[in-house]
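All remarks here apply to the structure that follows.
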Amino acid sequence: MKSRSKLTVLVAGTVSLMAVHAAIAQDAATQESVIDKITPVTDEMLLDPPDADWLMWRRTYNGWGYSPLDQINKENVGKLKLAWSWGMSPGGRTQETPLVHDGVMFVQNADHRIQALDAATGDLIWEYQHELPDGVSPGGERSKAIYGNNLIIATRDAHIIALDIKTGELVWDQQVADYKKGFAYSSGPLVANGVIVQGMTSCSNAQPGGCFFTGHDAETGEEIWRVNTIARGDTPEGNSWNGIPVENRYGASAWITGSYDPEQNLIFAGVGQPYPWNVEIAGLTPKSSDPNVTNEALYTNSTLAIDATTGELKWYHQYLPTDSLDLDYVYERLIVDDEVVTTGKIGIMEAIDRTTGKWLWAKETAPQNVVLSIDKETGAKEINPDVIPVIGETTFNCPADPGSKAWQATSYSPKTGAVYLPTVEFCSNTTVNPLDPGQIYTGGGLQTYSRVPRPDGDGNIGQVRAYKLDDQSEMWQYRQYAPVTTSTLPTAGGVVFVGTLDRKLIAFDDETGDVLWTSPKLSNSLESFPISYEADGKQYIAVVANFGNGLGRLQSLTPDIKLPPNNPVTLYVFALPDDEE
Amino acid sequence: MRVAFDISRLASMFLALALAIPIAVSTVGNAAAQEPEFDDVPFANGQWNIGRRLDESQFRYCVDKRDPDWEVAAAIGDAIAAALLLEPQRYVVEREIAVEDITKIYAIMLEHCDVHMGFKLIPEGYARWITLTRAYYETQYVFVASDPALQKLADLPPGHSIGATVGTMAHIRLVSYQSALPAEKRWPVFPMGSNEQALDALLKGSVDVALVWAPNLWAKQREDAAYGELHVLEPSPLPPSTIGVGAVVLADQKFLRSAVDEAISALTADGTLDGILKGFDFPATAAAP
């Protein structure tokens with residue numbers, strides 16, 4: 001890579017925060033023309049993104065994760081070749097979703113080095129280093145946002161920052177919470193109707209009162225509203241914590257970016273489970289005898305419908321009350337017609353009405369033993385009492401804590417009318433343990449999950465499942481030994497891409513599930529969000545190879561799948577050979 | 001491998017969910033040994049650039065200022081060094097983050113110390129990449145009250161609240177005990193994110209009793225007279241929750257661990273550790289040899 005002398009260094013921040021920006025111009029003819037041509041991202045673009053771009057976490061507000069590009073299709077996908085690759089900072093956890101706009105790709109490394117790359121060549125345009133304070137572990141963010149001339153980034157030390165998309169220079173920096181108290185971001189924002197909407201995580205045992213969503217002014221980053229994800233006050237919702245004071249309620253982490261319904265100006269976002277996981281330890285059981293008190297622990301494991309402009313909580317729907325198994329219902333929200341569809345860790349896909357929050361239907365995907373039945377009218381679940389962890393006993397539950405459906409997002413293809421779920425099948429022997437080994441160094445949960453294969457399984461831990469959304473019938477199912485570890489990526493070319501723990505990116509026929517192409521073994525497992533984009537008239541498929549903290553934890557079930565030490569992270573970009581376009 | 005959808009096959013494979021239809025579940029035997037979590041795999045940023053020490057004449061140990069007993073642990077660390085005829089080299093961790101994942105000590109130990117003081121000897125409580133020394137003292141979780149009328153836990157009337165530092169073995173024991181009582185005889189137990197929060201709640205009167213780590217009460221009473229009004233209750237009807245505290249070393253440091261264990265045994269036997277604990281008026285006893 002050729003380097004030129006232009007180097008700009010900007011040092012900003014407080015004692016605990018130093019940010020260094022280095023703008024590196026190289027390969028002048030190409031680089032400068034790409035970055036010079038980049039345009040501001042408007043509200044209109046976010047409402048209807050250009051086909052070539054991937055402007056937000058799931059590409060569109062409805063959360064589909066679908067690419068309308070069709071240059072790569074069922075007939076030619078078998079000829080995909082590596083176009084370019086880019087080494088990212090090793091170590092740390094990262095579950096990256098690159099963004100692409102006007103031929104420029106933006107990535108965030110685990111060490112918070114944010115980079116702009118020429119999306120056609122992989123050459124570095126600029127980079128910005130957000131210095132994490134001592135003691136804050138490096139880790140990536142699942143998503144980021146572009147709005148106007150700014151790239152908007154959430155950080156592991158609970159800042160939201162805006163960088164100029166042309167130069168990488170810091171535009172503003174807002175510290176939303178105190179990282180010393182444990183607050184952190186692990187996913188980035190969504191910009192809706194001009195408001196930056198961001199969910200807070202890592203506010204578990206150390207932080208009474210739980211997490212929150214915040215709305216921020218896009219021009220300054222200033223906070224304009226906040227929605228607490230733990231219900232408060234003398235209301236049915238506020239009294240749903242078994243009589244525990246607000247300062248003793250924990251969890252309800254908002255760790256996944258939501259979706260946006262422009263017609264209603266509503267954000268649909270998920271909330272995680274209560275902490276600690278064990279409901280006895282959390283104080284949620286035994287149930288209080290006070291008739292005015294319940295123990296559902298709202299708004300855990302719920303969809304919240306939040307007005308993007310005011311932060312008003314319009315309605316909510318809770319999928320799993322009084323969760324004791326770390327079974328989040330926090331993941332992607334797909335908006336399809338009048339439904340908001342999500343799948344929690346149990347692997348049960350569920351739909352609610354997008355205007356009222358009324359529960360509509362459920363479909364079990366991966367086998368599980370947590371839910372015995374679901375009420376057809378309300379969606380209320382009968383929980384298997386045998387799986388609820390009890391002090392002094394070991395219980396058996398399927399799935400275990402990473403979930404049969406984890407943060408790897410389900411996608412929807414309007415071409416097929418189908419959703420594509422990445423799932424895994426496994427179980428856990430679960431015991432309640434004290435986890436307070438040191439005064440400071442302690443665990444977030446209080447249960448030990450000893451993960452085991454499904455006792456009557458076929459040995460295939462990983463699956464991709466395709467369901468017709470209109471009647472929830474299964475179109476096809478792909479099964480393999482290694483866990484499936486990325487989100488699915490359906491395209492208008494009739495291809496669905498997914499990555500696996502055993503270092504492969506696989507392309508399926510979206511209608512039949514036939515395997516059309518498999519990449520060579522890449523540098524590491526793939527735990528990220530693959531995207532597709534177009535640059536200089538050519539369609540690309542991009543995916544980051546890395547070992548993250550999601551389904552990679554199932555590596556203990558597949559010890560024969562060897563991964564490299566020190567967790568290398570590499571961005572791979574595939575395309576058709578020039579003569580095949 | 002592609003599998004066509006077949007609900008009957010799926011149901012026979014395992015447990016299928018039918019709406020509103022109860023389904024039997026099966027269980028298997030008890031847990032195998034704990035599997036390592038990804039979080040348990042240590043990683044230090046830039047670990048491949050961190051060199052190994054050459055000076056074998058020093059006993060390099062870490063203490064953490066966030067631990068209430070860090071000064072006591074430092075004195076014990078010096079005593080261990082002396083017993084091993086090594087020069088003590090103390091590194092004091094000075095961070096302000098409230099709670100950290102235990103993998104963070106990997107980076108600290110790579111850079112600064114071979115022995116990190118201040119870890120409870122909890123069976124199955126640690127990942128395989130670290131190992132514990134024998135305990136250099138034993139102490140307790142204690143029930144604390146401000147009301148002089150309360151002398152033992154049994155004096156606390158049902159319905160009065162306990163603020164328990166969340167997730168400790170004492171908290172689990174209390175919850176387990178309560179689950180066997182009828183509802184009208186239980187105390188509400190509120191989980192507290194830290195010992196400090198539990199003690200503050202007690203001072204504010206938002207709970208009637210706090211269940212905390214004794215060294216934290218000791219540290220608070222040293223620094224703030226307001227905590228001096230608090231007193232420790234007899235735990236009955238519960239038994240005392242006593243646990244040893246030792247140090248951690250990296251699992252591959254077997255020789256070092258044996259040497260430290262021998263030093264702790266010798267310092268216990270000759271009364272050195274008891275002397276240190278008494279010197280600080282610290283609520284602990286040297287662990288039995």
Side-chain angles (χ1 to χ4, degrees), chain A residues 91 135 138 180-182 205-208 243-245 248 276 280-283 286 289 364 367-369 371-376 384 386 391-392 394 396 429 431-442 446 448 450-451 454-456 474 476-480 513-514 549 552-553 556 566, chain B residues 1-5 10 13-17 19-23 25 27-28 30-32 34-39 43 45 48 64 66-68 95-102 104-105 118-120 122 124-126 166-169 171-172 175-176 179 183 188-194 206:
Chain A
K180 294 172 187 171
K181 295 180 178 176
N205 290 356
Q207 284 315 302
I244 304 169
N248 303 114
E280 291 180 280
I281 303 301
S289 57
E364 183 184 23
Q368 56 84 30
N369 73 345
V371 176
L372 297 178
S373 65
I374 300 179
D375 186 284
K376 286 181 177 177
N384 177 4
D386 293 338
I391 294 170
T394 295
F396 178 71
N429 292 302
T431 51
V432 182
N433 285 333
L435 288 178
D436 59 341
Q439 293 299 308
I440 303 306
Y441 301 102
T442 186
L446 297 165
T448 299
S450 177
R451 299 182 191 105
R454 235 183 68 197
D456 50 356
E474 190 172 68
W476 52 266
Q477 184 182 146
Y478 168 84
R479 302 178 66 84
Q480 69 164 37
D514 290 337
N549 188 33
R553 288 186 284 179
S556 59
N566 291 331
Chain B
M1 177 176 60
R2 182 171 63 85
V3 177
F5 177 67
L10 191 62
M13 284 163 54
F14 198 62
L15 306 167
L17 172 75
L19 293 179
I21 300 174
I23 295 174
V25 295
T27 58
V28 299
N30 283 350
Q34 181 181 353
E35 296 289 338
E37 293 270 349
F38 171 69
D39 287 3
F43 173 78
N45 204 21
W48 40 87
D64 192 318
R66 292 168 295 186
D67 287 342
R95 287 183 179 168
E96 298 177 273
I97 297 176
V99 174
E100 295 197 74
D101 185 273
I102 197 165
K104 297 283 182 62
I105 66 168
F119 289 83
K120 296 165 189 159
I122 298 174
E124 304 292 324
Y126 293 85
V166 66
T168 67
M169 56 176 276
H171 183 200
I172 290 175
V175 169
S176 184
S179 67
V189 179
F190 301 146
M192 297 287 175
S194 67
S206 52

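So that the names make sense, note that chain A is the first sequence line, chain B the second, and so on, each numbered from 1.
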Structural part of B/Ser176 lying under 4.5 Å from a heavy atom of chain A: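 Backbone plus side chain of B/Ser176, per the 4.5 Å heavy-atom cut-off to chain A.
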Where do [X] and [Y] come nearest, in terms of heavy atoms and distance?
X        : Y        : value
B/Pro191 : A/Ile244 : CD-CG2, 4.3 Å
A/Gly243 : B/Phe190 : O-CE2, 3.8 Å
B/Val166 : A/Pro276 : CG2-CG, 3.3 Å

Non-hydrogen side-chain atoms of A/Ile391 and B/Ser179 separated by less than 4.5 Å: no
Between NZ on residue A/Lys181 and CD on residue B/Glu96, distance to nearest 0.5 Å: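 Going from the NZ atom of A/Lys181 to the CD atom of B/Glu96 covers 11.0 Å.
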